[in-house]
Amino acid sequence: MKNIDYEEQTIITRAIIKAAVLMSEFGAESILIEQTAQRLGRALGVDSVEISMIPVAIVLTTLHNNQSVTTTRRVHHKPINMSIVCEIQKTVIDMEKKNYDVAYLTETLKQIQPNYYNRWLVVLMVGLACASFAFLQGSDWGAFFITLLASSTAMFVRQELAKRRFVLIITFGITAFTATMIASLSQLNGISSTPNIALASSVLLLAPGFSFVNSFLDSLKGYLMMGWGRWMEGILLTIATSVGIIIAMAILNIKGW
């Protein structure tokens, strides 16, 4: 068995929790975070890794030869990005196969950056997705193009607000307000005979599906605290979206969808 002194175990503990925090921040499932931390611990030579997670923090302990090191890190939630999670998983596999040390893990984590699609491609595809949903629900071509314009513009606004580090709840509210204001053009005479479909479809990009799916999976697998936290996050984002829609409809005196 590899002999690890207290100082080296501390470095290992800090590297493992760094990986766990990154995965949590970018939307990984709780059981995956725990399994990844335990695999990293085995690859780096400690006897076991114990981890406790709540939505805003992670507590992690490594055990080796009756010696334990515990550390806590704050979790700052960021936009969902599975490229980060995949990169960490690749790093774990490399360490298991090639017996890399903790210095490799630390350096790799420093170099990991989110892999974003071209922002204009995202704007276009989100707009097309919402417009396609409107068309599938029976909209005419006028509502289709209005939905395309509204949802594409809303996605652009969402990106700009995220770049300026606005709170996610505020971002969702402003984005929903923008989408509803533009989609209301479909109610002008002669533009569309299905304006309600455009109004409803233009805000679909704000559905917090990932939060709700993760909350269900976490709760189902025994991570109740994480499940409740993610469920509440989804509820708050839904409320923020609803408030943005209601304010826009009140300004425009729209009675409903």
Side-chain angles (χ1 to χ4, degrees), residues 25 27 55-56 76-81 116-117 119-216 228-257:
E25 287 180 337
V56 295
H76 301 279
H77 291 286
K78 299 174 182 178
I80 302 297
N81 196 311
Y116 294 112
Y117 291 106
R119 65 175 303 183
W120 299 110
L121 176 62
V122 173
V123 166
L124 175 62
M125 296 310 295
V126 167
L128 283 174
C130 293
S132 298
F133 180 86
F135 188 76
L136 290 173
Q137 295 302 307
S139 73
D140 56 19
W141 286 108
F144 175 89
F145 287 110
I146 289 294
T147 303
L148 175 63
L149 174 64
S151 54
S152 297
T153 305
M155 190 64 209
F156 175 78
V157 170
R158 179 177 175 178
Q159 290 175 337
E160 288 298 309
L161 293 175
K163 186 191 301 185
R164 289 164 174 75
R165 301 183 184 277
F166 274 69
V167 177
L168 199 56
I169 293 176
I170 296 176
T171 298
F172 269 57
I174 295 175
T175 303
F177 175 83
T178 302
T180 304
M181 291 292 287
I182 297 175
S184 67
L185 295 173
S186 61
Q187 293 196 329
L188 297 177
N189 291 334
I191 292 183
S192 172
S193 60
T194 56
N196 291 345
I197 295 178
L199 285 168
S201 300
S202 63
V203 294
L204 285 177
L205 73 154
L206 298 172
F210 211 95
S211 296
F212 285 124
V213 170
N214 267 351
S215 71
F216 174 77
W228 277 109
R230 285 172 165 172
W231 179 82
M232 183 56 67
E233 179 186 29
I235 290 295
L236 290 175
L237 293 179
T238 302
I239 292 174
T241 301
S242 301
V243 169
I245 295 171
I246 290 170
I247 292 175
M249 292 175 70
I251 292 174
L252 298 169
N253 196 28
I254 299 173
K255 300 302 180 183
W257 288 346

What closest approach, in Å, do [X] and [Y] show between heavy atoms, and which atom pair accounts for it?
X	Y	value
A198	S186	CB-OG, 3.7 Å
T241	A176	O-CB, 3.3 Å
S201	C130	O-CB, 3.5 Å
A179	A150	O-CB, 3.6 Å
T180	L199	O-CD2, 3.8 Å

How far does [atom1] of [X] sit from [atom2] of [Y], to the nearest 0.5 angstrom?
X	Y	atom1	atom2	value
S151	I182	OG	CD1	9.0 Å
M232	I239	CE	CD1	8.0 Å
I246	I251	CD1	CD1	12.5 Å
L206	T238	CG	OG1	9.5 Å
K163	E160	NZ	CD	4.0 Å
S193	Q187	OG	CD	12.5 Å

task: Go through the structure and list residues passing salt bridge (charged side-chain N to carboxylate O under 4.0 Å, His left out) with R158, not counting sequence neighbours.
output: none
message: Which residues pass the salt bridge (charged side-chain N to carboxylate O under 4.0 Å, His left out) test with R165, not counting sequence neighbours?
response: none
- prompt: Do you know which of I174, V123, T171 makes side chain to side chain contact (heavy atoms under 4.5 Å, CB included) with V157?
  reply: I174
message: According to ring-ring contact (aromatic ring centres under 6.0 Å, His included), does anything in residues 134-158 pair up with another residue at least two apart or in another chain? List the pairs.
response: W120-F156, F135-W141, W141-F144
query: If you look only at pairs with a residue in residues 159-179, which of them pass as a ring-ring contact (aromatic ring centres under 6.0 Å, His included), with sequence neighbours excluded?
result: none
task: State, yes or no, whether a side-chain contact exists between E233 and L168 at a heavy-atom distance under 4.5 Å.
output: yes
task: Mind jotting down which residue pairs meet the salt bridge (charged side-chain N to carboxylate O under 4.0 Å, His left out) criterion with at least one end in residues 175-185? Sequence neighbours excluded, please.
output: none
Distance-only check: which donor-acceptor pairs under 3.5 Å involve side-chain atoms of residues 208-216, not counting sequence neighbours?
| unit_1 | atom_1 | unit_2 | atom_2 | d |
| --- | --- | --- | --- | --- |
| N214 | ND2 | G27 | O | 2.9 |
| S215 | OG | S211 | O | 3.4 |
| S215 | OG | F212 | O | 2.7 |

query: Backbone N or O of A134 within a donor-acceptor pair of the S139 side chain at under 3.5 Å?
result: yes
field: Main-chain N/O of K78 paired with E25 side-chain donor or acceptor, under 3.5 Å
entry: no
